[in-house]
Enquirer: 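Okay, here's the structure, questions in a sec.
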Amino acid sequence: MGTENELMSELSRAGTNLPRHIAIIMDGNGRWAKKRFLPRIVGHQEGVKSVRMAVETAGKLGIQYLSLYAFSTENWSRPKDEVNGLMTLLRDYLRREVKKLKKNNVRLSAVGRTHELPAESEKELRKAIAETRDCGGLNLVLALNYSGKTEILDAVNKALEQVTAGPLSESKFKSFFYLPELPDVDLLIRTSGEMRISNFMLWQCAYSEIYVTPRFWPEFRKIDFLRAIQEYTKRERRYGGV
Ligand code: FPP
């Protein structure tokens, strides 16, 4: 298994065996808080520390894309206080960290119906995306007001508006996605032990390697992230072949 430093140097040498695109379903914030008799929002606040860790680690390893499922279209059904708390957390994160993202050469983008986010959060998101536009290191993709089914549906509707004659190829269809250049997900990590995809990047996860850890997101540390990537490097990917 190895220590954090050993894993870091092993993976730094893994080159093309590393996943190009890692996506994370950051689950278990609420349960982490409940176990400690704390309000759920404290779990989300602690979760931001794991976000920082994942961004820093992926950047150091030279991973090209890191997608984080931060808010699903289904999350609006949570209590109003929690939704507001999450939106404030997002806004503050973007406001506070944009300089650091830029310094670390991280280019921010987003997937989802982001135009439906509260005005202040959307404004901060647009600003951070614009400010990091020229960064050439890690691509950090935040999934916000995101649903995989909706992404496909939105793409179908755009195609219906713009394409006059079929049939559509896979690559032409992908050009209608929120971020057409986003490659398929190589490694999908889910914390908190749930064995579900939960409507996340359904198209892009068609052949992803899935890694589920029992750890709740706020307690997901660098060593856990490195172990997930190490396991990926040992998997044999066959894409339906033999
Ligand atoms: C799932 O845990 C987590 C979320 C719905 C939100 C994730 C948000 C963050 C980590 C913080 C903000 C993000 C950024 C990028 C600044 P859950 O609440 O469903 O946990 P539970 O299943 O234990 O209730």
Side-chain angles (χ1 to χ4, degrees), residues 22-59 65-102 104 106-114 116-118 120-129 131-132 138-148 179 188-201 212-222 224-225:
I22 301 178
I24 310 184
I25 302 177
M26 311 181 285
D27 195 17
N29 295 351
R31 276 164 288 168
W32 180 90
K34 192 172 173 203
K35 243 175 80 179
R36 290 162 179 76
F37 307 100
L38 293 166
R40 291 177 59 83
I41 194 65
V42 181
H44 298 310
Q45 282 160 358
E46 280 296 308
V48 176
K49 294 182 187 165
S50 302
V51 168
R52 273 189 209 111
M53 175 284 292
V55 174
E56 275 167 29
T57 309
Y65 291 87
L66 176 69
S67 296
L68 302 177
Y69 204 2
F71 195 87
S72 75
T73 50
E74 289 80 17
N75 288 153
W76 295 112
S77 65
R78 294 186 174 207
K80 207 165 161 246
D81 279 357
E82 186 174 345
V83 171
N84 290 342
L86 275 166
M87 289 300 149
T88 306
L89 216 54
L90 171 72
R91 192 196 63 199
D92 292 350
Y93 169 83
L94 294 168
R95 214 173 260 170
R96 245 187 291 115
E97 318 254 325
V98 67
K99 266 202 194 117
K100 193 166 142 203
L101 292 177
K102 213 171 157 181
N104 292 333
V106 177
R107 181 169 186 253
L108 181 76
S109 47
V111 289
R113 288 185 173 174
T114 51
E116 293 171 356
L117 292 173
E120 270 300 301
S121 308
E122 200 212 345
K123 194 177 109 195
E124 221 53 62
L125 179 66
R126 293 286 140 237
K127 242 170 82 182
I129 289 174
E131 278 189 44
T132 60
L138 174 73
N139 286 282
L140 171 63
V141 180
L142 297 183
L144 294 164
N145 193 21
Y146 179 86
S147 134
L179 280 184
L188 174 67
I189 299 174
R190 181 166 188 146
T191 56
S192 96
E194 307 289 348
M195 303 286 182
R196 280 192 296 277
I197 292 190
S198 298
N199 212 351
F200 190 39
M201 298 201 169
V212 177
T213 165
R215 285 207 186 284
F216 295 139
W217 179 249
E219 61 195 11
F220 187 72
R221 302 277 177 264
K222 185 171 174 181
D224 304 305
F225 192 30

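Read the numbers this way: they start at 1 and go in the same order the structure lists the ligands and their atoms.
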Enquirer: Could you check if a side-chain atom of Phe216 sits within less than 4.5 angstrom of a side-chain atom of Lys35, using non-hydrogen atoms only?
Expert: yes
Enquirer: Of the non-hydrogen atoms in Ser147 and Thr73, which two are nearest, and what is the gap between them?
Expert: CB-OG1, 3.2 Å
Enquirer: Can you name the residues that come within less than 4.0 Å of ligand 1, going by heavy atoms only?
Expert: Met26, Asp27, Gly28, Asn29, Gly30, Arg31, Arg40, His44, Val48, Ala70, Asn75, Arg78, Leu86, Tyr93, Leu142, Trp217
Enquirer: Applying side-chain hydrogen bond (donor to acceptor under 3.5 Å, both in side chains), can you list everything that pairs with Thr114, at least two apart in sequence or on another chain?
Expert: Arg126
Enquirer: Between Leu101 and Leu138, does the side-chain contact (heavy atoms from CB on, under 4.5 Å) criterion hold? Intermediate values first, please.
Expert: CA-CA 9 Å; Leu101 292 177; Leu138 174 73; over 6 Å; no
Enquirer: Salt bridge or not between Glu97 and Arg52? Use side-chain N to carboxylate O under 4.0 Å.
Expert: yes
Enquirer: Is the ring pair Phe200/Tyr69 parallel, tilted or perpendicular, if the boundaries are 30 and 60 degrees?
Expert: parallel
